[in-house]
Structures are given as C-alpha cells and as structure tokens.
Amino acid sequence: LYDPSYCGSTSEHPLHILLQKSKNINVPLLETGRTPLLQAIHAQHCRTVCLLLQNPSCNVNLVASKKTSELEKSALILACQIQCLPIIRA
C-alpha cells in the first residue's frame, strides 16, 4: 500500500479498492497492534493517511498498539510526537 509507483498514477491505488470492499478498516495489525491509520502515521505515509481519513469508518480515536511508547496515544498525538507536519495538517 505504500508503493510510491502509485503516486500520481492514473490507475486506482490498491487502498481505494480495499476501502471500498472492507467493512472495518480499524482492525489492528497482529505484529504491532496498530490500526492501519496508526501504522501509516508511524511510517509517515501521508497519502495513505489521507486515503484512510477519507473513509467514514476510519476511527481516528483508536489508540491500539503493542508498543509501550504508543499506548494511549491517538493518531493525532502520534503524528505530533513524531513531528510529521503533513499528517498533522491532514
């Protein structure tokens, strides 16, 4: 989903397809416990964050993570902590 070849491409980004077919995009990843939104913020993938935020089922208030440094931190707090301004502005 983070493949830069889709940036500016005329073909549909794979995340668009996933978001159209998925009923719950807030399921935490097994490895990290992060939701897709938190994972995209952690990886600083602004386009992925924006696509996730456009989906009405995206819960920006979930604080799921297995990392103790990220416990009880929402998506906005995590973005502020890693000082990722493009994501904070989104």
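Computed from a predicted model, the values in this text were never measured in an experiment. Only this structure's heavy atoms are used, side chains among them; waters, hydrogens and symmetry mates stay out.
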To the nearest 0.5 Å, what is the distance between [atom1] on [X] and [atom2] on [Y]?
X	Y	atom1	atom2	answer
Gln44	Leu85	CD	CG	10.0 Å
His45	Cys84	NE2	SG	10.0 Å
Ile41	Arg34	CD1	CZ	10.5 Å
Thr35	Ile25	OG1	CD1	8.5 Å

Identify, with sequence neighbours excluded, every residue that meets side chain to side chain contact (heavy atoms under 4.5 Å, CB included) alongside Gln54. Leu51
Side chain to side chain contact (heavy atoms under 4.5 Å, CB included) partners for Val27, two or more places apart: Asn24
Taking all atoms of both residues into account, what is the closest heavy-atom pair of Pro28 and Gly33, and its distance? CB-O, 3.3 Å
Are any side-chain N or O atoms of Asn26 and backbone N or O atoms of Cys58, one a donor and one an acceptor, separated by less than 3.5 Å? no
Check whether any side-chain heavy atom of Leu38 sits under 4.5 Å from a side-chain heavy atom of Leu62, and report yes or no. no
Residues two or more places apart in sequence or in another chain: which of them pass side chain to side chain donor-acceptor pair (under 3.5 Å) with Ser57? Asn55
For Gln81, check side chain to side chain donor-acceptor pair (under 3.5 Å) against everything at least two apart and list the hits. Lys73
Under a single-linkage definition using a 4.5 Å side-chain heavy-atom cutoff for Ile, Leu, Val, Met, Phe, Trp and Tyr, are Leu29 and Leu37 assigned to the same hydrophobic cluster? no
Under a 4.5 Å side-chain heavy-atom rule over Ile, Leu, Val, Met, Phe, Trp and Tyr, are Val49 and Ile82 clustered together? yes
Taking Val60 as the fixed residue, which of Leu52, Leu53, Leu76 is the one that meets the side chain to side chain contact (heavy atoms under 4.5 Å, CB included) rule? Leu53
